[in-house]
Enquirer: 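Please find one structure pasted underneath; my questions will follow.
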Amino acid sequence: MLTAFARAFRTPDLRKKLLFTLGIIVVYRVGTHIPIPGVNYKAVQTCVNEAQGNQGLFGLVNMFSGGALLQITVFALGIMPYITASIILQLLTVVIPRLEALKKEGQAGTAKITQYTRYLTVALAILQGTGLVATARSGALFSGCSVATSIVPDQAIFTTITMVICMTAGTAVVMWLGELVTDRGIGNGMSILMFISIAATFPSALWAIKKQGTLAGGWIEFGTVIAVGLVMVALVVFVEQAQRRIPVQYAKRMIGRRSYGGTSTYIPLKVNQAGVIPVIFASSLLYIPALVAQFAGGKSGWKTWIEQNLTKGDHPIYIVSYFLLIVFFAFFYVAISFNPEEVADNMKKYGGFIPGIRAGRPTAEYLSYVLNRITWPGSLYLGLIALVPTMALVGFGASQNFPFGGTSILIIVGVGLETVKQIESQLQQRNYEGFLR
């Protein structure tokens with residue numbers, strides 16, 4: 001592998017792509033440490049140190065921003081508005097006929113949908129930036145911190161607008177950097193930036209677990225977490241690569257004196273067809289009642305119930321709700337992203353059939369049956385992986401910054417596998433040897 005890595009840097013055009021990607025990563029990480037105007041940086045650092053990994057409602061967004069959210073920097077919102085906008089557009093494509101028609105137009109339609117995604121990203125960044133500034137001003141961003149209310153000392157409307165504009169501009173720059181990597185670098189730019197954001201939080205999270213440990217100065221807990229992490233990575237790689245291959249045979253056709261078709265291929269149905277999106281959906285949905293309760297004034301029965309049951313990651317009601325939502329969204333997303341009837345129609349149009357299954361409606365029913373069968377283990381796997389940090393919190397008494405679990409490990413492994421495949425394909429074009437033998 002090291003030889004292949006060295007060969008990648010010896011290839012001029014591949015070296016240029018790799019160095020360009022690394023340069024964009026450096027720019028992105030620098031931006032996550034530049035505070036925006038109007039923020040008391042000393043007060044922010046004090047509250048971050050006092051929080052000690054307990055990020056509450058903002059943990060997911062803070063993870064996707066590489067820890068920049070709680071620092072209230074230029075790239076505080078990170079890639080999260082773009083992810084949300086992409087998911088919303090993907091869901092609306094199924095509902096709105098105009099977007100569905102654009103999707104079928106090919107490259108021109110895809111470019112138009114990408115443009116809509118950019119507009120929606122900026123709108124969401126303005127909304128989320130305003131909410132973050134309001135939360136920071138009220139002191140709710142760091143509940144329990146002694147200097148939380150002095151994070152934004154200037155309450156003037158001009159200062160608030162400036163802060164929101166800076167964070168919105170930062171989100172636009174992050175989106176632009178991601179698209180630059182996609183066009184001129186290696187891999188999908190947005191995924192690479194997401195990978196870097198999550199990976200940047202690993203060292204501090206691991207060191208926090210070591211400092212909180214009591215056995216042999218915390219080294220026993222540290223080593224245990226590393227071992228569990230390696231097992232988790234192996235499990236995730238195994239399941240992410242797992243797929244059910246449905247054989248497809250194409251009939252032989254005679255056109256003039258030439259025969260076409262007669263080939264056999266397969267339809268790969270992944271066990272985890274939905275990826276990490278069900279976990280993001282479930283996390284976002286569970287944050288809504290807790291966020292409403294946090295900003296609701298006074299004391300009431302429903303607010304107390306939410307604070308006791310839906311804001312603590314180790315509460316049984318929270319765990320069961322989170323798990324069931326992940327399973328539901330896994331089936332929901334697979335249902336809207338894979339259309340068995342469309343696949344069956346395309347196969348019938350080009351003379352393809354599944355051996356033993358008649359073309360047309362029986363093929364669509366068979367694909368639906370197989371898809372439902374493999375989505376069950378995929379959804380249960382997602383739910384269990386997402387609950388690993390909670391089990392660590394209950395079992396170890398560790399902080400909520402347990403790195404190997406949930407969205408973090410799924411994204412790290414998924415993006416890593418995809419990037420390695422791209423580098424391998426580039427190497428095979430030149431040397432006939434891949435990145436991994």
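Only this structure's heavy atoms are used, side chains among them; waters, hydrogens and symmetry mates stay out. All of these numbers come straight from a predicted model, not from anything done at the bench.
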Enquirer: Give me the atom names and distance for the closest heavy-atom approach of T182 to N188.
Expert: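 Of all heavy-atom pairs spanning T182 and N188, the closest is OG1-C, 3.8 Å.
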
Enquirer: Rounded at 0.5 Å granularity, tell me how far OG in S368 sits from CZ in F338.
Expert: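 Between atom OG of S368 and atom CZ of F338 there are 8.0 Å.
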
Enquirer: Not counting sequence neighbours, which residues clear side chain to side chain contact (heavy atoms under 4.5 Å, CB included) with N346? List them please.
Expert: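 N346: side chain to side chain contact (heavy atoms under 4.5 Å, CB included) contacts with E342, K349.
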
Enquirer: Any idea which heavy atoms bring V248 and Y250 closest together, and the distance?
Expert: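 Looking at all heavy atoms of both residues, the closest pair is CG1-CE1, 3.8 Å.
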
Enquirer: Can you give me every donor-acceptor pair (side chain of residues 267-279, partner residue at least two apart or in another chain, under 3.5 Å) with its distance?
Expert:
{"residue": "N272", "atom": "OD1", "partner": "G275", "partner atom": "N", "Å": "3.2"}
{"residue": "N272", "atom": "ND2", "partner": "E240", "partner atom": "OE2", "Å": "2.7"}
{"residue": "Q273", "atom": "OE1", "partner": "K270", "partner atom": "N", "Å": "2.9"}

Enquirer: Mind checking side-chain hydrogen bond (donor to acceptor under 3.5 Å, both in side chains) for Q90 and listing every partner two or more places apart, or none if nothing turns up?
Expert: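 By the side-chain hydrogen bond (donor to acceptor under 3.5 Å, both in side chains) rule, Q90 matches Y333.
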
Enquirer: Tell me, please, which residues at least two apart from L324 pass side chain to side chain contact (heavy atoms under 4.5 Å, CB included).
Expert: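 In terms of side chain to side chain contact (heavy atoms under 4.5 Å, CB included), with neighbours along the sequence ignored, L324 is linked to V320.
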
Enquirer: To the nearest 0.5 Å, tell me how far T121 OG1 sits from Q128 CD.
Expert: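 Rounded to the nearest 0.5 Å, the OG1-CD separation comes to 9.5 Å.
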
Enquirer: Measuring from atom OG1 of T168 to atom CG of L124, what distance do you get when rounded to the nearest 0.5 angstrom?
Expert: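 T168 atom OG1 to L124 atom CG measures 10.5 Å (nearest 0.5 Å).
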
Enquirer: After noting the C-alpha distance and the side-chain angles of I385 and L235, does the key distance pass the side chain to side chain contact (heavy atoms under 4.5 Å, CB included) rule?
Expert: CA-CA 10 Å; I385 290 291; L235 173 65; 4.1 Å; yes

Enquirer: Say whether, by atom type as modelled, one donor and one acceptor occur between the side chain of T73 and the main chain of T32 under 3.5 angstrom.
Expert: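 Indeed, once roles are kept as given, a pair shorter than 3.5 Å links the two residues.
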
Enquirer: Side chains of P247 and S264: does their closest heavy-atom pair fall under 4.5 Å?
Expert: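 When only atoms from C-beta onward are counted, S264 and P247 do not touch, as no gap falls below 4.5 Å.
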
Enquirer: With sequence neighbours excluded, tell me which residues meet salt bridge (Lys or Arg N to Asp or Glu O under 4.0 Å) with E341.
Expert: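 So E341 forms no salt bridge (Lys or Arg N to Asp or Glu O under 4.0 Å) with any residue.
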
Enquirer: Can you sort out the partners of E179 under salt bridge (Lys or Arg N to Asp or Glu O under 4.0 Å), two or more places apart, ordered by chain and number?
Expert: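 In terms of salt bridge (Lys or Arg N to Asp or Glu O under 4.0 Å), with neighbours along the sequence ignored, E179 is linked to R118.
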
Enquirer: Among V415, I83, I412, whose side chain to side chain contact (heavy atoms under 4.5 Å, CB included) with M194 holds?
Expert: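 Exactly one option meets the side chain to side chain contact (heavy atoms under 4.5 Å, CB included) with M194, and it is I83.
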
Enquirer: Counting C-beta onward and ignoring hydrogens, is there a side-chain heavy-atom pair between L99 and K103 closer than 4.5 Å?
Expert: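 Not in contact.
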
Enquirer: Under the rule for side chain to side chain contact (heavy atoms under 4.5 Å, CB included), what residues qualify as partners of V74, not counting sequence neighbours?
Expert: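 Expected list: I34, I36.
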
Enquirer: Do the rings of F332 and F329 sit parallel, tilted or perpendicular, given the 30° and 60° boundaries?
Expert: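 Geometry flag for F329 against F332: perpendicular rings.
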
Enquirer: Nearest 0.5 Å, what's the CD-OG1 distance between Q115 and T110?
Expert: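 If I round to the nearest 0.5 Å, the distance is 13.0 Å.
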
Enquirer: Any side-chain heavy-atom pair from E418 and F195 closer than 4.5 angstrom?
Expert: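 They are not in contact (no side-chain heavy atoms under 4.5 Å apart), so the answer is no.
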
Enquirer: Testing the basics here: between Y28 and F75, what is the closest heavy-atom pair and its distance to 0.1 Å?
Expert: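 Y28 and F75 have their closest heavy atoms at O-CD1, 3.5 Å.
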
Enquirer: Set out, in order, the CA-CA distance, both residues' side-chain angles and the distance that settles side chain to side chain contact (heavy atoms under 4.5 Å, CB included) for V122 and T171, then state yes or no.
Expert: CA-CA 7 Å; V122 173; T171 300; over 6 Å; no

Enquirer: Mind checking ring pair (Phe, Tyr, Trp, His ring centres under 6.0 Å) for Y366 and listing every partner two or more places apart, or none if nothing turns up?
Expert: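 Checked Y366 against ring pair (Phe, Tyr, Trp, His ring centres under 6.0 Å); zero matches.
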
Enquirer: Can you measure from CD (Q422) to CD (E424) and round to the nearest 0.5 angstrom?
Expert: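 Rounded to the nearest 0.5 Å, the CD-CD separation comes out at 11.5 Å.
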
Enquirer: Are L18 and I423 packed together at the side-chain level, in the sense that at least one heavy-atom pair is separated by less than 4.5 angstrom?
Expert: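 Heavy-atom side-chain distance check passes, below 4.5 Å.
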
Enquirer: If every non-hydrogen atom of A364 is compared with every non-hydrogen atom of A344, which pair is closest and at what distance?
Expert: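 Closest pair (atom of A364, atom of A344, distance): N-CB, 3.8 Å.
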
Enquirer: Quick test of your reading: applying salt bridge (charged side-chain N to carboxylate O under 4.0 Å, His left out), list the pairs with at least one residue in residues 198-209, sequence neighbours left out, ordered by first then second residue.
Expert: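 Every candidate salt bridge (charged side-chain N to carboxylate O under 4.0 Å, His left out) pair involving residues 198-209 fails, so no pair, neighbours aside, qualifies.
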
Enquirer: Considering non-hydrogen atoms only, spot the tightest contact between L102 and Y116 and give its length.
Expert: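 In this case the closest contact between L102 and Y116 is CD1-CE1, 3.8 Å.
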
Enquirer: Sequence neighbours left out, what passes side-chain hydrogen bond (donor to acceptor under 3.5 Å, both in side chains) with R15? Give chain and number order.
Expert: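 Result, side-chain hydrogen bond (donor to acceptor under 3.5 Å, both in side chains) vs R15: none returned.
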
Enquirer: Mind checking whether I88 and T84 have side chains closer than 4.5 Å, heavy atoms only?
Expert: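 Sidechains of T84 and I88: in contact.
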
Enquirer: For V152 and M163: C-alpha separation, side-chain torsions, deciding distance, then whether side chain to side chain contact (heavy atoms under 4.5 Å, CB included) applies.
Expert: CA-CA 10 Å; V152 184; M163 293 172 71; 3.9 Å; yes

Enquirer: Report yes if some heavy atom in the side chain of I186 is under 4.5 Å from a heavy atom in the side chain of L14; otherwise report no.
Expert: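 They are in side-chain contact.
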
Enquirer: Do F281 and L325 touch side chain to side chain, with heavy atoms closer than 4.5 Å?
Expert: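 No, too far: nothing below the 4.5 Å cut-off.
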
Enquirer: Can you name the side-chain hydrogen bond (donor to acceptor under 3.5 Å, both in side chains) partners of E365, sequence neighbours left out?
Expert: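 Per chain and number, E365 pairs via side-chain hydrogen bond (donor to acceptor under 3.5 Å, both in side chains) with R361.
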
Enquirer: List the atom of I326, the atom of A282, and the distance in Å for their closest heavy-atom pair.
Expert: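 For I326 versus A282, the nearest heavy atoms are CG1-CB, 3.6 Å.
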
Enquirer: Which residues satisfy the side chain to side chain contact (heavy atoms under 4.5 Å, CB included) test with W176, sequence neighbours excluded?
Expert: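 Side chain to side chain contact (heavy atoms under 4.5 Å, CB included) check on W176 returns L180.
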
Enquirer: Find the distance between OG1 (T265) and CD1 (I246) and round it off to the nearest 0.5 Å.
Expert: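 These two atoms lie 11.5 Å from each other.
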
Enquirer: Evaluate the criterion side chain to side chain contact (heavy atoms under 4.5 Å, CB included) for residue pair I354 and L367; output intermediate values, then yes/no.
Expert: CA-CA 10 Å; I354 299 172; L367 289 174; 4.2 Å; yes

